Amino acid sequence: MSIERGRTRHLPRVMAGLRNLAIGVHRQDGHADITAALRHTGRDPQRPLTPSD
């Protein structure tokens with residue numbers, strides 16, 4: 001096993017999980033266009049993802 005592989009073993013899976021969480025939150029909020037919702041959220045890194053109940 002190379003050093004590079006040892007450092008990134010779980011990172012791709014973690015990043016995919018975070019991406020899926022963000023998409024799921026936007027879908028629950030009723031956003032039809034997920035791409036636009038992700039762009040809107042990504043413009044301001046201080047803006048939290050807040051799901052509506």
Side-chain angles (χ1 to χ4, degrees):
M1 175 169 44
S2 67
I3 293 173
E4 292 82 22
R5 181 164 170 88
R7 290 183 186 167
T8 62
R9 182 175 294 174
H10 299 290
L11 185 61
R13 201 173 278 200
V14 170
M15 295 302 290
L18 291 173
R19 181 194 66 224
N20 291 338
L21 173 68
I23 290 170
V25 168
H26 287 303
R27 282 190 179 142
Q28 283 184 344
D29 280 349
H31 294 282
D33 188 358
I34 299 299
T35 305
L38 290 172
R39 280 192 207 122
H40 177 72
T41 304
R43 284 189 193 121
D44 184 7
Q46 299 300 319
R47 182 184 303 129
L49 284 176
T50 53
S52 58
D53 293 328

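Here the structure is a predicted model, which means the values were calculated and not measured.
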Among L18, T35, I34, side-chain contact (heavy atoms from CB on, under 4.5 Å) partner for I23: I34
Spacing of CG belonging to D29 relative to OG1 belonging to T41, to within rounding of 0.5 Å: 9.0 Å
For H31, all residues meeting ring pair (Phe, Tyr, Trp, His ring centres under 6.0 Å), sequence neighbours excluded: H26
side-chain contact (heavy atoms from CB on, under 4.5 Å) against D44, all qualifying residues, sequence neighbours excluded: Q46, R47
Gap between atom CG of D33 and atom CZ of R39 - 0.5 Å precision: 7.5 Å
